[in-house]
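First listed ligand is number 1; within each ligand, the first listed atom is number 1. Values reported hereafter were calculated over all heavy atoms of this structure, with side chains retained and with hydrogens, waters and symmetry mates removed.
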Amino acid sequence: MSAPSMTLFHNPASPYVRKVMVLLHETGQLDRVTLQHSQLSPVSPVSPDAALNQDNPLGKIPALRLADGNVLYDSRVILDYLDQQHVGNPLIPREGSARWRRLTLAALADGIMDASVTIRYELALRAPDKHWDQWLDAQRDKIRRALAVLEADAIAELTSHFDIAAISVACALGYLDLRHPDLNWRDAHPQLSAWYAHVSQRPSMLATVPKV
Ligand code: BEZ
């Protein structure tokens, strides 16, 4: 085993970081990366992480420092890079309609993460009497609409490959369980729920269960 050559700015609760970790597991590249823990989270968005800011001026995780010192961000760029660094089947189709469809499903999952993390910021940081309920509801509606599309249109595609689309959806659902169990997303999405029950037993998912 060679020494790790890359550094991943990491927080085990972040669904965006989890996507990267799952891909590293699935593609056998875990030993290429050293994890650098970042305190950055929705409970500390205004406490800058100086080391992270030096590498990513946006102060966002994940960021991946390569052996040559170059830094990649955001998670989509990191996933694309890492997927081109292994010899197995690509987890992001390189071309054709499959590429655009799988990336679109992954973007839908990222949108669920974005809305979920945004809600987390509002609820964790602002006093209850300052919560903007209409805006919170609008974020929840985004999540509901995205889940409805996955349930209606994407189960067969998610089942066919554990690739960029499936990894992203699985990490989004894992984050809903972590931070928004009150949404009870399984109730209206039985097929997605069954699919998730299955994929969450993969070693890559079990090894990256979010920790808080
Ligand atoms: C969280 O604790 O919910 C979290 C931490 C880091 C990034 C995003 C979310």
Side-chain angles (χ1 to χ4, degrees), residues 6-25 30 33-65 71-82 106-128 130-133 135-144 146-147 164-186 196 199-200 204-212:
M6 300 183 279
T7 301
L8 180 68
F9 288 90
H10 173 272
N11 179 312
S14 162
Y16 308 99
V17 169
R18 190 178 188 191
K19 287 190 296 178
V20 173
M21 294 301 296
V22 171
L23 186 135
L24 287 168
H25 276 270
L30 212 50
V33 169
T34 302
L35 301 183
Q36 175 151 340
H37 184 78
S38 169
Q39 293 301 337
L40 192 86
S41 82
V43 290
S44 63
V46 290
S47 311
D49 178 331
L52 173 63
N53 285 354
Q54 261 195 340
D55 277 357
N56 178 357
L58 300 173
K60 290 171 88 173
I61 51 171
L64 182 70
R65 192 190 307 126
V71 181
L72 304 183
Y73 43 85
D74 58 9
S75 62
R76 287 171 281 212
V77 176
I78 296 171
L79 290 168
D80 200 352
Y81 174 80
L82 291 172
L108 192 60
D110 283 0
I112 295 174
M113 293 178 201
D114 295 345
S116 305
V117 171
T118 302
I119 295 171
R120 170 75 180 151
Y121 272 87
E122 179 80 353
L123 296 182
L125 286 173
R126 283 158 63 91
K130 299 235 164 37
H131 290 171
W132 184 3
D133 291 329
W135 181 83
L136 283 168
D137 283 344
Q139 301 305 316
R140 293 187 186 106
D141 284 345
K142 283 180 202 270
I143 296 171
R144 289 194 191 99
L147 292 175
I164 186 70
I167 290 171
S168 302
V169 172
C171 293
L173 297 177
Y175 191 74
L176 286 180
D177 281 348
L178 177 71
R179 293 300 187 200
H180 306 299
D182 52 301
L183 290 184
N184 293 315
W185 67 265
R186 287 175 179 77
Y196 182 66
V199 296
S200 57
S204 62
M205 291 294 291
L206 290 171
T208 58
V209 170
K211 294 190 193 76
V212 287

side-chain hydrogen bond (donor to acceptor under 3.5 Å, both in side chains) between Asn11 and Tyr16, worked out: CA-CA 9 Å; Asn11 179 312; Tyr16 308 99; over 6 Å; no

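Atoms of ligand 1 found under 4.0 Å from any heavy atom of Arg179 (numbered from 1 in listed order, with element): 1 (C), 2 (O), 3 (O).
Listed for the Arg18 side chain is a donor-acceptor partner under 3.5 Å among the backbone atoms of Met205. Put simply, the side chain of His10 never gets that close to the backbone of Val17: no donor and acceptor are under 3.5 Å apart.
Classification of Asp177 and Arg186 as a salt-bridged pair holds, one side-chain N sitting under 4.0 Å from a carboxylate O.
For Tyr175, the heavy-atom gap to ligand 1 drops under 4.0 angstrom.
Residue Asn11 has no nitrogen or oxygen atom sitting less than 3.5 Å from a nitrogen or oxygen atom of ligand 1, judged on distance alone.
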